[in-house]
Amino acid sequence: MSQGLNRAQQEAVATLSGPMMVLAAAGTGKTRVITYRIANLIRNGIRPDRILAVTFTNKAAREMKERALKLLAKGSDATPVIGTFHSICVRILREEIGALGYPTSFSISDRSAQETYARKAIRECRIDPKELPTGDFLSQVSQWKNAGLRAEAALKEARARGFDERTLQCAKAYSLYEQSFKSAGMLDFDDLLLCTDELFTDHKDALIRHQERFDHLLVDEYQDTNTVQYLILRRLAARHRNICVVGDDDQSIYGWRGAEINNLKRLEKDFPGTKIVRLEENYRSCPNILRLANQLIRHNRSRYDKQLRSTRIPTDEPRFRKFDDESEEAAAVVADLASTMVKEKMTYRDFAILFRTNEQPRLFEQELRTRNIPYVLVGGYSFFDRREIRDVMSFLKMIDNPADEASLLRIVNVPPRGLGSTVVDRLVARASELGEPLWNILPSIAQDNVQPPRVRAGVERLLQIGQTYQRRLSTGSIAEGVRELLENDVNYRVELARQYDEPEDQNARWDSVGELINMISQYEERESKPTLRGFLENAALAGEEERKDSKEESKNAVTLMTMHSAKGLEFRHVYMVGMEMGILPHERSINSPSGIEEERRLAYVGVTRARDRLTLTRASKRRKFGKPRSTEPSIFLPEMFGQVQPTPSVRRENRSDLESTSSPIRSP
């Protein structure tokens with residue numbers, strides 16, 4: 001069972017009981033430890049269905065399960081319960097959410113529905129949308145939910161702490177937002193966690209049922225957990241105390257979305273006697289790259305002490321280059337990339353250009369296009385964000401849950417059926433007066449002779465589509481039913497021709513619809529009992545990295561991505577660009593010690609993505625609002641290279657890899 005494991009990994013795999021924290025530094029084989037540990041538990045007599053393993057993406061969950069089962073005997077029917085936090089919570093809530101006053105048939109909202117209900121709440125509170133933009137409101141609500149606060153508690157906290165008027169207004173709108181979701185029988189992603197925590201807090205019988213289902217709990221990427229996720233884990237493991245968390249505080253980079261780095265310390269406090277195992281042998285990066293990583297991260301005070309050690313032989317020294325401005329920086333990086341690929345016989349996919357902000361890649365894209373170098377910009381337009389996909393998904397959500405008013409409003413007049421915005425506003429107002437979901441009043445509208453004939457006909461047609469496909473999609477092929485809906489009853493291809501003049505646009509968008517139907521078909525092939533709700537749930541739970549067009553992943557192309565997106569990936573040659581104060585560390589973090597520490601962890605993640613070569617760059621001047629402005633070098637540069645930096649330029653000090661130059665990058 002220990003074949004291929006180093007001593008620390010063996011210790012983590014062999015410790016089968018009690019609380020344990022595995023501090024798995026970058027590139028040290030944490031997935032191998034988790035999968036070997038699952039297999040070892042099963043080999044030692046633990047029933048597979050008594051093991052719960054939790055991670056953050058569906059892709060990671062699938063990989064974990066596949067690798068664990070490969071370690072067991074062929075023909076084994078072992079099926080440990082492995083899934084994301086959200087998918088595990090959905091499973092629990094489907095059984096138990098009735099105790100909280102929600103229907104077990106609840107649907108999971110997408111961003112579009114959140115924005116619809118957010119605008120409605122802001123409007124009903126008579127708040128100026130300019131004073132409280134929808135995105136800011138949703139971000140604040142998410143922070144409250146991740147901290148375990150419902151609307152009433154958030155308002156109390158805002159008043160008690162004397163927050164500004166804007167935060168108080170946000171808390172008041174949160175209450176209406178919450179009510180709208182509950183009336184529609186919907187949960188957003190944060191609700192999946194918050195409702196599970198509320199269930200375990202307020203309904204001890206439900207907590208005991210789920211505690212007794214599992215004897216062992218394993219958690220991947222533990223440093224990314226937020227407060228509510230930690231509370232769920234703590235309660236599930238409270239009886240047996242067999243909890244093993246695997247993570248790295250040095251790679252905790254998601255504080256802005258609720259991740260709580262102090263959860264590592266909380267585990268030790270709440271589970272006395274927690275065993276700590278450090279994985280420090282790095283199988284990814286060369287020693288000279290790890291030297292920079294170690295020198296950088298040791299400047300963080302709030303961390304568990306560990307030191308990465310490479311198992312590889314040294315290669316080229318990491319390089320730093322300074323350029324006159326951002327245009328010269330982009331041109332030089334792309335020129336060096338093209339030259340290195342030819343000289344070293346590498347492929348485009350071996351290279352990644354990492355940046356801190358979403359504004360930085362424009363010039364690099366321009367240079368890559370000029371040289372006809374293929375590239376993929378990760379974090380761009382999501383497949384599920386395309387207009388045509390949102391339209392089709394709204395039809396399916398409306399059919400599955402007619403109370404989903406956000407989806408209904410999106411397609412109520414797609415294609416045009418006499419239900420324009422003026423008519424719809426009138427219908428929504430009437431539904432609000434009656435205290436009913438919009439769908440519930442449509443039958444009376446269809447029979448109301450006061451309404452114009454065109455409106456009655458449009459409502460009747462919409463009702464007919466909903467009712468027909470509620471039956472049709474519950475029997476037979478879902479994919480075939482969706483094709484019939486779009487081709488026969490909605491005639492969506494004609495709708496695309498109405499929206500877009502160019503045949504190329506029409507065909508490309510129709511192809512996207514076809515790809516969605518392919519996804520439904522693949523879902524049906526995977527599942528023994530496929531349902532429309534099951535497909536919608538799978539689509540909602542899909543991690544953002546899995547939603548993108550799968551064709552991009554197979555391209556032989558240079559990768560452009562933020563350092564946040566790069567976590568978990570690796571490349572032969574990494575360029576970290578824009579190493580300047582205000583970019584990395586970001587200007588929002590400069591005056592915050594905890595913010596600087598998280599930015600330092602982000603730089604550490606960037607450095608440890610590189611296997612063979614690492615190049616760091618900065619510009620002496622960078623344009624802001626059209627005007628060139630002088631920049632200061634990132635404080636992380638001298639920390640990495642181990643020297644004092646009293647001036648804006650990195651001084652040479654007898655090291656060829658620290659050469660400061662405004663000429664194109666060249667090999668040292």
Side-chain angles (χ1 to χ4, degrees), residues 25-28 250-251 253 282-297 308 310 312 314-323 329-330 332-341 343-357 360-361 363-365 367-368 373-379 545 555-580 583-584 599-619 634 636-637 639-641 657-658 664-668:
T28 56
D250 290 336
Q251 296 184 78
I253 59 173
N282 179 285
Y283 297 91
R284 176 191 300 152
S285 303
C286 293
N288 31 14
I289 293 172
L290 294 187
R291 185 187 72 248
L292 263 65
N294 286 326
Q295 290 176 171
L296 172 68
I297 202 62
L308 284 171
S310 179
R312 301 185 55 200
T315 56
D316 294 342
E317 285 293 322
R319 302 176 296 173
F320 165 70
R321 296 291 184 265
K322 183 177 74 174
F323 302 99
E329 178 188 43
V333 165
V334 174
D336 182 71
L337 186 155
S339 172
T340 302
M341 192 190 78
K343 286 190 292 188
E344 303 295 332
K345 298 181 180 179
M346 299 167 75
T347 62
Y348 290 123
R349 64 167 59 93
D350 290 327
F351 296 88
I353 300 174
L354 306 184
F355 40 87
R356 173 62 179 87
T357 69
Q360 289 175 262
L363 288 170
F364 294 92
E365 289 188 82
E367 290 293 332
L368 290 164
I373 294 176
Y375 69 90
V376 172
L377 177 61
V378 176
E545 81 289 346
K555 282 184 179 179
N556 178 20
V558 175
T559 300
L560 275 65
M561 65 193 334
T562 65
M563 291 171 207
H564 283 103
S565 299
K567 186 168 173 287
L569 303 178
E570 58 183 67
F571 304 90
R572 287 187 63 186
H573 193 150
V574 167
Y575 297 89
M576 287 176 58
V577 300
M579 296 294 296
E580 300 146 29
I583 296 181
L584 186 68
E599 292 289 299
R600 188 176 285 114
R601 293 193 293 269
L602 185 59
Y604 172 84
V605 166
V607 169
T608 54
R609 299 313 94 193
R611 295 205 306 263
D612 301 332
R613 289 188 172 136
L614 174 68
T615 301
L616 302 102
T617 69
R618 63 165 288 237
S634 170
F636 302 147
L637 287 170
E639 291 178 357
M640 278 188 272
F641 288 105
D657 57 311
L658 292 184
I665 295 174
R666 55 182 182 271
S667 299

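Since the model is a prediction, treat every value here as computed from it, not as a measurement. Computed from heavy atoms alone, side chains included, the values below leave out hydrogens, waters and symmetry copies.
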Should [X] and [Y] count as side-chain neighbours, where that means a heavy-atom distance under 4.5 Å?
X	Y	answer
L614	N288	no
L584	M563	yes
V574	I289	no
V334	Y375	no
F364	E329	yes
V607	I297	no

field: Test side-chain hydrogen bond (donor to acceptor under 3.5 Å, both in side chains) applied to D250 - qualifying residues, sequence neighbours left out
entry: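 Per chain and number, D250 pairs via side-chain hydrogen bond (donor to acceptor under 3.5 Å, both in side chains) with R303, K306.
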message: Do R319 and T615 pair up side chain to side chain, a donor and an acceptor below 3.5 Å, judged on atom types alone?
response: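 The answer is yes; a qualifying pair exists.
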statement: With sequence neighbours left out, the residues meeting side chain to side chain contact (heavy atoms under 4.5 Å, CB included) with M561 are L354, V378, T559, S565, A566, L569, F571
- line: Q360 meets the side chain to side chain contact (heavy atoms under 4.5 Å, CB included) criterion, sequence neighbours left out, with F355, R356, T357, V577, I583
Taking [X] for the side chain and [Y] for the main chain, is one N or O donor matched with an acceptor at less than 3.5 Å?
X	Y	value
D350	T347	yes
T340	L337	no
S285	A610	yes
R284	T608	yes
Q251	V605	no

Value rounded to 0.5 Å, distance of [atom1] in [X] from [atom2] in [Y]:
X	Y	atom1	atom2	answer
C286	E317	SG	CD	10.5 Å
M341	Y348	CE	OH	4.0 Å
L308	N294	CG	CG	5.0 Å
L637	M576	CG	CE	8.5 Å
F351	D336	CZ	CG	8.0 Å
L296	M640	CG	CE	5.5 Å

field: ring-ring contact (aromatic ring centres under 6.0 Å, His included) partners of Y604, counting only residues at least two apart
entry: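 Once residues adjacent in sequence are excluded, Y604 has no partner under the ring-ring contact (aromatic ring centres under 6.0 Å, His included) criterion.
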message: Going by the rule salt bridge (charged side-chain N to carboxylate O under 4.0 Å, His left out), which residues pair with D612 if we only count those two or more places apart in sequence or in a different chain?
response: R312, R572
Test salt bridge (charged side-chain N to carboxylate O under 4.0 Å, His left out) applied to E344 - qualifying residues, sequence neighbours left out: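 Residues passing salt bridge (charged side-chain N to carboxylate O under 4.0 Å, His left out) with E344: R613.
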message: Using side chain to side chain contact (heavy atoms under 4.5 Å, CB included), reason through Q295 and F641 one step at a time and then give a plain yes or no.
response: CA-CA 8 Å; Q295 290 176 171; F641 288 105; 5.7 Å; no
query: Closest heavy-atom contact between N282 and A26?
result: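 Result for this residue pair: ND2-O, 2.5 Å.
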message: Quick check: closest heavy atoms across I353 and V333, and the distance to 0.1 Å?
response: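 Between these two residues, the closest heavy atoms are CD1-CG1, 4.1 Å.
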